Amino acid sequence: MRKDVVRIIGKALDEAAGQGLIGEARPDIIVETPKKEEFGDFSTNVAMLLAPLEKKPPVEIARMLAGMIAKIPPVEKAVVAGPGFINIFLGKPFYRAVLEDILKKGEDFGRLDAGKGRRVQVEFVSANPTGPLHIGHGRNAAVGDALANVLEAAGYEVAREYYINDVGRQMQTLGESIRLRLLELEGEDVEFPEDFYRGEYVKDIARDYMQRYQPDYAGAPSFQDFGREAMLERIKKDLDDFGVRFDAWYSEKSLHDRGLVMDTIEELRRRGFIYESEGALWFRTTDFGDDKDRVLIKADKTMTYFASDIAYHRDKAERGFSAMVDVWGADHHGYEARIRALFKALGADDARLKIIFIQLVALLRKGVPVPMGKREGEFVTLRQVMDEVGRDACRFFFLMRKSDAHLDFDLELAKSAAPENPVYYVQYCHARIKSIMAFAREKKIEVPQTPGPAVFDGLNAEEIGIIKRLGAFEEVVERSAAAMEPHRITFYLMELAGLFHPYYNRNRVVTDDGNITAARLLLCDAVGNVVANGLRLLGVEAPSKM
RNA sequence: GCGCCUGUAGCUCAGUGGAUAGAGCAUCGGCCUCCGAAGCCGAGGGUCGGAGGUUCAAAUCCUCUCAGGCGCGCCA
């Protein structure tokens with residue numbers, strides 16, 4: 001929609017240049033949708049940008065361009081305002097075409113080719129398989145998945161990946177924790193160390209292990225392997241119920257098994273970024289802006305997690321993605337510099353790597369914070385929240401904020417069927433429209449496929465305004481993808497619902513007037529369609545009944 | 001101390017360098033014989049943390065500063 005206007009302005013500029021009225025220099029054409037209706041459907045500051053280049057007053061240039069723009073259909077009029085804005089008013093035929101386009105495209109409205117099929121990887125959640133997913137992972141999952149959806153809609157080919165930290169100290173601790181719990185079950189008196197995994201889930205796993213392999217434990221897997229599988233199964237189930245699926249589960253262990261960790265270290269050594277000191281092996285990340293150098297192999301000859309991480313990212317970088325997105329908890333932001341250092345050390349373009357940080361979620365209950373101490377394993381799990389408030393509310397709430405902003409998640413609000421709950425505000429919009437459509441069908445009202453001029457002329461300014469917002473959906477998707485900010489979809493939907501509900505309350509859709517009824521039904525259909533498409537990107541249901 | 005994030009209405013937050021800074025909640029007052037009241041209408045509310053700077057134009061960009069959060073291990 002905006003692109004059409006950009007094209008129109010471009011045409012006017014070309015014509016002005018052709019007539020020798022301006023030079024060939026072209027500033028970036030900025031077209032915006034003004035906040036006020038009286039400023040038109042679109043507005044551009046191109047004359048003000050041109051003024052210094054042409055050494056003419058902006059208003060003079062604006063007048064000249066406005067005259068040319070006004071002659072290009074479907075522009076109805078173009079007026080100069082303020083310091084040199086050109087406000088452009090489009091005619092009804094334009095908005096009729098927009099409505100037609102939305103209805104014709106249906107589910108595909110909002111699907112773009114901006115990505116041109118380029119491959120993008122989104123790696124998210126990647127929680128250690130040593131415990132169940134907690135609320136923070138939930139936000140990570142919601143953001144990562146919605147972002148992947150948005151990128152897909154924008155025309156990228158997206159790969160969703162989960163990186164599993166399945167070797168090292170914490171896996172050993174998990175194995176040991178299970179072993180001790182098993183001994184307990186067998187009646188032994190054990191002292192359970194403070195820093196072991198103390199959650200109930202460990203006891204569950206130990207119980208499973210016992211039931212499956214007792215009495216002689218012949219052929220039983222190691223506690224660690226058993227624990228890993230049990231935890232992954234549980235995590236997958238949680239994510240599945242949350243509506244999140246991955247294309248790949250990438251094992252850290254597999255990096256070691258294939259020798260890629262040592263390979264990577266060797267490559268860095270060849271490139272001269274590795275040195276030994278105090279018995280340890282270091283990567284000189286300070287060459288690339290990190291605060292300090294980082295250890296890859298400790299003095300005890302075991303590897304750090306960072307060693308795996310660089311091997312993993314090296315592998316990613318070689319897989320030919322045009323962009324790689326890592327979604328991390330905000331407490332990991334200190335890692336960004338060292339991962340970027342790896343890219344630079346390998347001569348790879350680290351601009352391809354985008355790291356999104358997910359800030360903490362504060363759970364509230366009627367405004368009172370829910371304690372979330374991680375000690376004793378009593379943190380709030382994604383499962384608990386999902387079970388309490390439902391998947392839709394849960395996902396929607398996680399996407400109501402910019403990911404790098406703290407999020408207050410009020411459980412009572414999320415599950416309340418009250419007007420102040422934004423999830424239902426948007427879903428209700430969809431359900432309401434479906435209900436209206438059903439009502440019209442019951443009344444055997446004929447609705448044309450597309451709005452002809454006679455039908456469309458029945459629509460008033462408020463309805464045209466809604467169509468204008470509907471048309472902007474494509475742009476919202478595009479910007480959301482470009483900025484990698486899925487929350488923009490959420491805000492758009494709340495705004496759209498905020499246009500529709502008041503409109504509905506003031507206007508009857510099904511009336512005695514055939515043309516008006518048809519036009520309004522088509523408008524409703526389009527709104528419902530866009531709401532459904534937007535909710536799909538968020539991974540939230542668009543119910544027909546509530 | 002250094003680095004990253006955040007300071008916008010009482011609260012929670014939007015806000016592409018543009019025109020008189022917006023929502024929702026909360027508060028107060030109204031609307032269901034009529035397509036879904038999980039909805040709508042109306043009212044009050046602001047030194048965009050502060051100070052400089054760039055610009056025709058700054059909540060937005062730059063510098064400094066104040067406040068809060070997080071991170072700064074041969075931890076995971």
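Being a predicted model, the structure only gives us computed values, none of them experimental. Sequence lines set the chain letters: A, B, ... in the order given, protein chains first and strands last, and positions in each chain run from 1.
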Exercise. Quick one: do the A:E463 and A:Y503 side chains pair a donor with an acceptor below 3.5 Å?
Worked result: yes
For this session: Kindly say if A:H487 contacts the phosphate of B:G15, meaning a side-chain N or O under 4.0 Å from OP1 or OP2.
Result: yes
Problem set entry | Watson-Crick or G-U pairs under 3.5 Å in RNA chain B, rendered as dot-bracket with [ ] for crossing pairs and | for another strand | (((((((..((((....[...)))).(((((.......))))).....(((((..]....))))))))))))....
Exercise. Given the side-chain rings of A:F124 and A:Y162, with only the six-membered ring counted for Trp, is the space between their centroids under 6.0 Å?
Worked result: no
Exercise. Under a 90° cut-off about 0 for the syn range, is B:C32 syn or anti?
Worked result: syn
For this session: Among A:V385, A:L399, A:I135, find the one that has a side chain to side chain contact (heavy atoms under 4.5 Å, CB included) with A:C394.
Result: A:V385
Exercise. Are A:Y275 and A:R269 close enough that some pair of their side-chain heavy atoms sits under 4.5 Å apart?
Worked result: no
Problem set entry | Phosphate contact (B:C40 OP1 or OP2) by A:Y425 side-chain N/O below 4.0 Å | yes
Exercise. Within less than 4.0 Å of OP1 or OP2 of B:C5, is there a side-chain N or O belonging to A:K402?
Worked result: no
Exercise. A:Y428 on top of B:G39's base, within under 5.5 Å and under 30°?
Worked result: no
Exercise. A:F39 stacking on B:A19: centroids under 5.5 Å, ring planes under 30°?
Worked result: yes
Exercise. The side chain of A:A81 lies closest to which of these nucleotides: B:A19, B:A38, B:C74?
Worked result: B:A19
For this session: Can you tell me, in whole Å, how much space there is between the P of B:G22 and that of B:G42?
Result: 16 Å
Seminar exercise, completed: Checking A:L255, A:V167, A:I310 against A:V261 for side chain to side chain contact (heavy atoms under 4.5 Å, CB included), the one that qualifies is A:L255
Exercise. Distance from A:L521 atom CG to A:I516 atom CD1, nearest 0.5 Å?
Worked result: 12.0 Å
For this session: Please state how far atom CG in A:L521 lies from atom C1' in B:C35, giving the value in whole angstrom units.
Result: 9 Å
Exercise. Nearest of B:C74, B:C34, B:G39 to any side-chain atom of A:R432?
Worked result: B:G39
For this session: Classify the nucleic acid contact of A:S403 as base, sugar-phosphate or nothing, counting any heavy atom under 4.0 Å across all strands shown.
Result: nothing
Exercise. From B:C40, B:U16, B:A19, pick the nucleotide closest to the side chain of A:T33?
Worked result: B:U16
Seminar exercise, completed: Separation of B:G73 atom P from A:D290 atom CG, nearest Å, is 11 Å
Exercise. Whole Å only: how far is the NE2 atom of A:H501 from the C1' atom of B:C32?
Worked result: 16 Å
Seminar exercise, completed: When rounded to the nearest 0.5 Å, the distance separating CZ of A:R234 from OH of A:Y201 is 8.5 Å
Exercise. Under 4.0 angstrom, heavy atoms only, what part of the nucleic acid is A:E495 near: base, sugar-phosphate, or nothing?
Worked result: nothing
Exercise. Is any side-chain nitrogen or oxygen of A:K298 closer than 4.0 Å to OP1 or OP2 of B:G73?
Worked result: no
Problem set entry | A:R338 side-chain N/O to B:C72 phosphate OP1/OP2 under 4.0 Å | no
